[in-house]
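Just so you know, these numbers come straight off a predicted model, no measurement behind them.
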Amino acid sequence: MSLPPLTLQMTMDQALRRVTENRPAQEALICGDLRLTYGQLQERIDRTADFLAHRGIRKGDRIALMLPPGVDYITLFFAIARQGAVVVPIDPTVRHQRVLQIAEQITPAWMVAAEPLPEAVASGLPEGIEVHLADEFHPGRMPDLPPSPPPDVVPGDLLAILYTSGTTGAPKGAMHTHRSLIAPVVASMKLRELWMKRPTLAQLPKMGRALARYRRRLLRAAGRPQIFLSTTGYHNTTGIEVFLQALLMGDTLVVQPFFHPVEALELIQREKVTVLVAVPTALAVMLRVENFDRYDLSSLLICGTGAAPCPPDLAREIQRRFGCALHIGFGATEIGGGIAATDVGDSPDLQAETVGRPMPGMEVRIADEEGRPLPPGQVGELWVRGENVMLGYWGASDLTEQVLDPEGWYHTGDMAVMDERGYLRIVGRKKDMIIRGGRNIYPEEIERRLVAHPAIREAAVVGVPGRFGDEEVWAFVIPEEGHTLTPQEVREFCRGVLEPYQIPQVVRVVEDFPRASTGKPQKFRLREMALESGAGRQAGPL
């Protein structure tokens with residue numbers, strides 16, 4: 001049965017309820033041994049919302065969730081949304097000090113955790129915060145209560161405060177409404193129309209190429225509810241958008257609370273997963289599972305990835321060994337989802353080497369230093385505008401004004417180039433750009449070259465102050481398992497693939513990087529490491 005359209009005039013409660021009313025018996029969630037239909041999930045959500053109302057939660061109250069992905073998180077998310085309250089996801093593995101900083105900023109009414117909070121956190125929380133455990137909200141633990149009339153909630157009401165991952169310093173809380181979190185799902189549904197509905201005449205050539213490439217996988221998936229496997233945390237935008245897409249599109253969501261590569265492959269095989277979503281590092285780990293080829297992954301149509309750059313060589317390996325399309329999504333916490341993405345109809349090269357074209361409904365500008373639009377082929381800062389842009393940063397109007405202009409453009413800080421067809425390639429962060437000898441150097445370009453070396457698994461490049469006013473290029477590399485590397489070997493390789501001014505003066509071979517919760521390297525900490533080890537004094541000859 002087809003679903004009523006999802007629109008930006010709906011609240012989150014209305015968006016999910018339209019699925020429940022049309023597909024009450026369809027499986028919505030699979031998590032471990034627990035399997036819930038949409039009807040059963042909705043019943044849990046409504047009981048939890050009534051319980052929240054009974055316990056005094058009102059519209060606008062903030063509730064912090066320190067939970068792994070799973071039924072508890074999803075139930076609370078939608079129950080909080082129905083009550084007009086505000087969800088504040090917190091990474092359950094984050095440092096104690098970070099939890100206290102967030103609690104101090106947002107002063108939640110409640111904090112819900114999977115396990116009792118460590119004493120260092122519990123004793124440091126501001127007064128008045130109630131701490132609850134997730135199992136208090138299980139159906140058998142909540143009292144039977146009369147239904148409570150939901151408050152008057154509108155799409156423009158605040159729904160969530162999503163904290164940035166902290167790759168560049170202290171994270172900030174991006175404020176999102178019901179509308180701004182539903183907008184990316186609406187955009188994704190339009191992308192899916194290429195292969196979920198009968199294509200238009202204009203779409204036929206692209207659909208024909210996709211059909212030739214994916215054959216039975218595409219035919220099996222087309223026109224049916226999909227089966228998503230979510231392997232990412234729900235404390236970040238990527239994880240939230242995955243479960244919103246699956247549930248608001250009327251699909252089935254398989255949840256992996258804690259990523260394990262073998263279990264992920266087993267779930268794909270057992271549940272006939274059609275859409276796998278994982279960060280690039282997780283996909284790389286899955287590809288290196290012993291006897292990878294013995295798993296039946298023929299149901300997969302799409303591997304979706306994002307939250308961190310996906311090197312082209314890894315992208316091609318994913319396409320080849322998983323045998324499916326690769327959707328590289330590019331977004332930001334401030335956008336509540338994707339800015340751009342590749343799709344099933346794109347060629348393998350476009351899927352591997354770009355982040356696709358802007359999502360439907362998203363305005364994009366490549367801007368120069370004065371904010372003027374640049375033509376195709378020129379590098380500038382990526383600006384975006386659309387219904388999914390945040391309201392601003394919680395309690396930080398000065399920071400908001402730095403990135404949101406009066407015309408509604410969000411200045412991403414990402415340096416990008418767009419070709420004549422509208423495909424985007426990200427070349428680095430504006431703040432990460434290195435100036436050396438009057439030339440602009442974009443770290444991601446160097447990183448892409450470095451990971452092409454067969455012995456380099458991952459690379460991160462930063463600029464640090466040099467001896468003569470210029471910046472030094474420092475490269476941190478992680479070798480592939482079983483390989484050894486020396487800085488000299490890396491620099492010698494660079495001489496063959498980079499321009500002279502791009503060659504790193506210093507190379508450090510490391511076991512791992514300091515990382516944000518999404519897996520991205522924290523470049524500000526790499527710069528600190530470089531400065532502590534003597535940047536400006538160690539640059540080697542070119």
List in chain and number order the residues that pass salt bridge (Lys or Arg N to Asp or Glu O under 4.0 Å) with Glu447, two or more places apart in sequence or in another chain; answer none if no residue qualifies. Lys523
Going by side chain to side chain donor-acceptor pair (under 3.5 Å), name the residues that satisfy it together with Asn291, two or more places apart in sequence or in a different chain. none
In terms of heavy-atom contacts, Leu424 and Ala340 come closest through CD1-CB, 3.8 Å
Verify side chain to side chain contact (heavy atoms under 4.5 Å, CB included) between Ile456 and Glu480, making sure each step is shown before the conclusion. CA-CA 5 Å; Ile456 296 177; Glu480 287 281 9; over 6 Å; no
Quick one, Tyr442 and Val461 - any side-chain contact, counting heavy atoms below 4.5 Å? no
Determine yes or no for a side-chain-to-main-chain donor-acceptor pair under 3.5 angstrom, with Thr305 supplying the side chain and Ala278 the backbone. yes
Does any N or O in the side chain of Asp251 come within less than 3.5 Å of the main-chain N or O of Gln226, such that one atom is a donor and the other an acceptor? yes
Verify, without hydrogens or angle tests, whether Arg491 (side chain) and Gln505 (backbone) share a donor-acceptor contact under 3.5 angstrom. yes
Check side chain to side chain donor-acceptor pair (under 3.5 Å) between Asp313 and all other residues, then give those that pass, not counting sequence neighbours. none
Is any side-chain heavy atom of Val277 closer than 4.5 Å to one of Thr231? no
With a 4.0 Å cut-off, would you call Arg525 and Glu532 a salt bridge? no
Roughly how far, to the nearest 0.5 Å, is the CG atom of Leu283 from the SG atom of Cys310? 7.0 Å
Can the ring centres of Phe243 and Tyr234 be said to be less than 6.0 Å apart? yes
Distance-only, no hydrogens or angles: does the Gln351 side chain make a donor-acceptor pair with backbone N or O of Leu326 under 3.5 Å? yes
In sequence, state the C-alpha distance, the side-chain angles, and the governing distance for Val186 and Lys190, and then conclude on side chain to side chain contact (heavy atoms under 4.5 Å, CB included). CA-CA 7 Å; Val186 172; Lys190 291 179 180 176; 4.1 Å; yes
With sequence neighbours excluded, tell me which residues meet ring-ring contact (aromatic ring centres under 6.0 Å, His included) with Phe228. none
Output every pair passing ring-ring contact (aromatic ring centres under 6.0 Å, His included) with a member in residues 338-382, not counting sequence neighbours, ordered by first then second residue. none
Heavy-atom closest pair, residues Phe476 and Val462: CE1-CG2, 4.0 Å
Going by the rule ring-ring contact (aromatic ring centres under 6.0 Å, His included), which residues pair with Phe259 if we only count those two or more places apart in sequence or in a different chain? none
Taking Leu382's backbone N and O only, do any of them form a donor-acceptor pair with Thr412's side chain (distance below 3.5 Å, no angle check)? yes
Arg385: side chain to side chain donor-acceptor pair (under 3.5 Å) partners, not counting sequence neighbours: Glu363
Taking only residues two or more places apart in sequence or in another chain, which ones pass salt bridge (Lys or Arg N to Asp or Glu O under 4.0 Å) with Glu492? Arg495
Check whether Gln502 reaches the backbone of Glu499 with its side chain - one donor and one acceptor, N or O, closer than 3.5 Å. yes
Test your reading of the model: is there a side-chain donor-acceptor pair from Arg508 to the backbone of Ala475, 3.5 Å cut-off? no
With side chains defined as the heavy atoms from C-beta onward, is the minimum distance between Met390 and Val403 less than 4.5 Å? yes
Once ring-ring contact (aromatic ring centres under 6.0 Å, His included) is applied, do any residues pair with Phe322, and if so which ones, sequence neighbours excluded? Phe292
Mind checking whether Leu244 and Ile240 have side chains closer than 4.5 Å, heavy atoms only? yes
Enumerate the side chain to side chain donor-acceptor pair (under 3.5 Å) contacts for residues 391-400, please, sequence neighbours excluded, ordered by first and then second residue. Glu334-Tyr393
Of all the heavy-atom pairs spanning Pro68 and Pro92, show the shortest one and how long it is. N-CG, 4.1 Å
For residues 366-375, run the donor-acceptor check on the side chains, cut-off 3.5 Å, and write out each pair with its distance to 0.1 Å, sequence neighbours left out.
| unit_1 | atom_1 | unit_2 | atom_2 | d |
| --- | --- | --- | --- | --- |
| Asp368 | OD1 | Glu370 | N | 2.9 |
| Asp368 | OD1 | Gly371 | N | 3.0 |
| Asp368 | OD1 | Arg372 | N | 2.8 |
| Asp368 | OD2 | Arg372 | NE | 2.8 |
| Asp368 | OD2 | Arg372 | NH2 | 3.1 |
| Glu370 | OE1 | Arg372 | NH2 | 3.0 |

Looking at Thr274 and Ile227, would you say the former's side chain and the latter's main chain have a donor-acceptor pair under 3.5 Å? yes
Passing candidate, side-chain contact (heavy atoms from CB on, under 4.5 Å) with Arg425, options Glu444, Glu353, Arg448, Met418: Arg448
Give a yes-or-no answer on whether the side chains of Tyr423 and Asp346 include a donor-acceptor pair shorter than 3.5 Å. yes
Check: Asp296 main-chain N/O paired with Gln269 side-chain donor or acceptor under 3.5 Å: yes
Option among Lys172, His235, Gln105 that satisfies the side-chain contact (heavy atoms from CB on, under 4.5 Å) test with Tyr163: Gln105
Can you tell if the side chain of Ser188 reaches within under 4.5 Å of the side chain of Val185, non-hydrogen atoms only? no
Can you list the steps and then say if Val451 with Leu314 is a side chain to side chain contact (heavy atoms under 4.5 Å, CB included)? CA-CA 9 Å; Val451 296; Leu314 173 59; over 6 Å; no
Looking at every heavy atom in both Ala352 and Arg316, which two are closest together, and how far apart are they? CB-CG, 4.0 Å
Is any side-chain heavy atom of Leu162 closer than 4.5 Å to one of His176? yes
How about Leu65 and Val87: do any of their side-chain heavy atoms sit closer than 4.5 Å? yes
Give the intermediate values and the outcome of side chain to side chain contact (heavy atoms under 4.5 Å, CB included) for residues Leu276 and Ser230. CA-CA 7 Å; Leu276 165 67; Ser230 165; over 6 Å; no
In short, Val389 meets Val384 closest at the heavy-atom pair CG2-O, 4.4 Å
Between Glu381 and Gly413, the two heavy atoms sitting closest are OE2-N, 2.9 Å
For the residue pair Arg527 and Trp474, would you count it as a cation-pi contact if the rule is NZ or CZ under 6.0 angstrom from the ring centre and within 45 degrees of the ring axis? no
Does the pair Asp349 and Ser347 meet the rule for a side-chain hydrogen bond (donor to acceptor under 3.5 Å, both in side chains), with working shown? CA-CA 5 Å; Asp349 285 344; Ser347 70; 5.4 Å; no
Count the heavy atoms of every other residue, nucleotide or ligand shown that sit under 6.0 Å from CZ of Arg449, and state whether that count exceeds 12. no
Could you tell me if the side chain of Pro479 sits less than 4.5 Å from the side chain of Thr484, heavy atoms only? no
Would you say Thr342's side chain and Val355's backbone share a donor-acceptor pair under 3.5 angstrom? no
Test side chain to side chain donor-acceptor pair (under 3.5 Å) applied to His411 - qualifying residues, sequence neighbours left out: Asp405
How long is the gap from CG on Leu8 to OG on Ser180, to the nearest 0.5 Å? 10.0 Å
